[in-house]
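By convention in this document, chain letters (A, B, ...) are assigned in the order of the sequence lines, proteins followed by strands, and residues within each chain are numbered from 1. All values below come from the heavy atoms of this structure, side chains included, with hydrogens, waters and symmetry mates left out.
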Protein chains: 2
Amino acid sequence: MKLTSKGRYAVMALVDLARFDNINPVSLRDISLRQGISLDYLEQIFSKLKKNHIVKSIRGNQGGYVLSKNPNDIKLTNIFHAVDEKVKTVQCKKDSKKGCNGRATKCITHNLWDELENHINSFFEKKSLEDLIQNKKENRING
Amino acid sequence: MKLTSKGRYAVMALVDLARFDNINPVSLRDISLRQGISLDYLEQIFSKLKKNHIVKSIRGNQGGYVLSKNPNDIKLTNIFHAVDEKVKTVQCKKDSKKGCNGRATKCITHNLWDELENHINSFFEKKSLEDLIQNKKENRING
DNA sequence: TCTAAACTTGACCATTTTGGTCAGGTATGT
DNA sequence: ACATACCTGACCAAAATGGTCAAGTTTAGA
């Protein structure tokens, strides 16, 4: 069970964006340099974030990306969903032919995986981008 | 973010084992048939479970496996740990050369992943095999 | 003692996912 | 017009996943 780097990068990039997104749009090149994420890979990620209305793009010279909502309204669950990072425990929900369905001993552990998914998702639903920025600011004051 | 089938199978197999482990040891062949998990794959999994003292093997004819502890003392975290199913969110803890270390913008989101890991692990630490068996019994009564 | 059942070990492998790169665009401010 | 920056899609190497296969060893019971 692990988080893929796509989801991790998406969150890192958005925190970066949120911090520098005051007046001017932020270019992916800047985020790439600051966060050490390849530009090409960032473009893939931001393409998905854009499709999911989390960021807006401004093309042309001095263009870049801006958040399309208040950081408080961007939950981690939105970000992960946008980049296809899903909490997936069992197959049987999606593919009725595989997994627990149609089997004599079906779903012995089905309830468990449901519970687990809910547990994780509730964490992602509570946490917003704003929370992460605040966290960072506190760190700067303290450190 | 997903659970691998190795962890899922381990839990399924152990629930099965716990339910049939009354007097006689349970053979992997029986578990394989009941749960639809390949015998060869089960052997790999049970080899790990044995090394981690979750099950004991009884060799020879009429042999098989038994739980080596009370189902109440076997937590999901033990099972997942045994089959190398770990909750892994960030790289930087293990490999100091990669990830957030040594970078100017280091660890923007580090606290977040820590929190997430704790959140998930706490779920696994609370849940025992006994809980799952009880759950199944209730289902049988109700259904 | 022989043999079948069952555990044990380790090599091997096909497929899928991951984590990108590369090559070409298109749009737009100056 | 040109530099900057977004946009799109093909491509790819490496690792993880989810197993199979082969060749044992151990032990109960006929």
Side-chain angles (χ1 to χ4, degrees), chain A residues 1-10 12-13 17 20-21 23-33 35-52 54-66 68 80 83-86 88-91 94-95 98-99, chain B residues 1-10 12-13 17 20-21 24-33 35-51 54-66 68 80 83-86 88-91 94-95 98-99:
Chain A
M1 182 149 208
K2 63 174 189 187
L3 206 62
T4 69
S5 80
K6 193 166 281 184
R8 197 153 44 82
Y9 285 171
M12 286 169 70
L17 178 57
F20 288 93
D21 171 21
I23 304 159
N24 301 316
V26 180
S27 74
L28 292 190
R29 196 173 150 276
D30 287 350
I31 296 178
S32 167
L33 290 174
Q35 303 299 330
I37 305 168
S38 104
L39 179 58
D40 286 317
Y41 202 30
L42 271 181
E43 285 178 350
Q44 282 183 43
I45 292 169
F46 272 74
S47 161
K48 296 185 178 193
L49 292 176
K50 189 186 171 186
K51 274 182 197 145
N52 284 269
I54 292 170
V55 296
K56 279 184 293 195
S57 69
I58 290 138
R59 302 185 74 148
N61 200 347
Q62 302 302 314
Y65 284 93
V66 290
S68 64
F80 284 140
V83 299
D84 300 316
E85 181 92 65
K86 19 184 185 272
K88 202 170 72 174
T89 55
V90 285
Q91 228 67 28
K94 302 230 160 175
D95 183 354
K98 295 219 167 191
Chain B
M1 181 148 208
K2 63 173 188 188
L3 206 63
T4 69
S5 79
K6 194 165 281 183
R8 196 154 45 82
Y9 285 170
M12 287 170 69
L17 178 57
F20 288 93
D21 170 22
N24 301 317
V26 181
S27 75
L28 291 191
R29 194 172 152 279
D30 288 351
I31 297 178
S32 166
L33 290 174
Q35 303 300 330
I37 305 168
S38 104
L39 180 58
D40 286 317
Y41 202 31
L42 271 182
E43 286 178 348
Q44 282 182 42
I45 292 170
F46 272 74
S47 161
K48 295 184 180 196
L49 293 175
K50 190 186 170 185
K51 275 181 195 144
I54 292 171
V55 296
K56 279 186 294 196
S57 69
I58 290 141
R59 303 185 73 151
N61 200 346
Q62 302 301 315
Y65 285 93
V66 290
S68 63
F80 285 141
V83 298
D84 300 316
E85 181 93 65
K86 17 181 187 275
K88 205 170 71 174
T89 55
V90 284
Q91 227 68 26
K94 302 228 160 179
D95 183 354
K98 296 218 166 191

Exercise for review: List for me each residue that meets side chain to side chain donor-acceptor pair (under 3.5 Å) alongside B:Lys50, sequence neighbours excluded, and say none if there are none.
Suggested key: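 With neighbours one apart ignored, the set is B:Ser57.
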Point to revise | Interface limits on DNA chain C, where chain A has a heavy atom under 4.0 Å of a nucleotide atom | key: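 Here the contact window of chain A covers C:dT18 to C:dG29.
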Results of side-chain contact (heavy atoms from CB on, under 4.5 Å) for [X] - residues two or more places apart only:
| X | answer |
| --- | --- |
| A:Ser47 | A:Lys51 |
| A:Asp40 | A:Ser38, A:Glu43 |
| A:Arg59 | none |
| A:Thr4 | A:Lys6, A:Glu85 |

Point to revise | Positional range of nucleotides in DNA chain D within the contact set of chain A, heavy-atom, under 4.0 Å | key: D:dT4 to D:dT8
Point to revise | Toward the 5' end of DNA chain C, by each residue's nearest nucleotide, A:Gln62 or B:Glu43 | key: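 On the 5' side of the pair lies B:Glu43.
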**Study point:** Given DNA chain C, 5'-ward residue of the pair A:Gly60 and A:Gln44, judged by closest heavy atom
**Key:**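 Result: A:Gln44.
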Review point. Does B:Tyr65 reach the side chain of B:Leu42, with side-chain heavy atoms less than 4.5 Å apart?
Key: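 Side chain of B:Tyr65 against side chain of B:Leu42, heavy atoms only: no contact under 4.5 Å found.
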Practice item. For residues B:Asp30 and B:Phe20, determine if any side-chain heavy atom of one lies less than 4.5 Å from a side-chain heavy atom of the other. Key: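 Contact flag for B:Asp30/B:Phe20 side chains = no.
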Point to revise | DNA chain D: 5'-proximal contact among B:Ser5 and B:Asn61 (nearest heavy atom) | key: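 Upstream on the strand: B:Ser5.
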Practice item. Under the salt bridge (Lys or Arg N to Asp or Glu O under 4.0 Å) rule, collect the residues that match up with B:Lys48, sequence neighbours excluded. Key: B:Asp84
Review point. What does A:Tyr65 touch in the nucleic acid at a heavy-atom separation under 4.0 angstrom: a base, only the sugar-phosphate, or nothing?
Key: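 Sugar-phosphate only.
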Review point. Aromatic rings A:Tyr41 and A:Tyr9: how do their planes relate, parallel, tilted or perpendicular, breaks at 30° and 60°?
Key: perpendicular
Check your understanding: Can you name the nearest heavy-atom pair linking A:Val83 to A:Ala10, along with the distance?
Key ->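 For A:Val83 and A:Ala10, the tightest heavy-atom pair comes out as CG1-CB, 3.9 Å.
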Practice item. Can you pull out how bent the helix from C:dT1-D:dA30 to C:dT30-D:dA1 is, comparing the axes over its first five and last five pairs, to 10°? Key: 10°
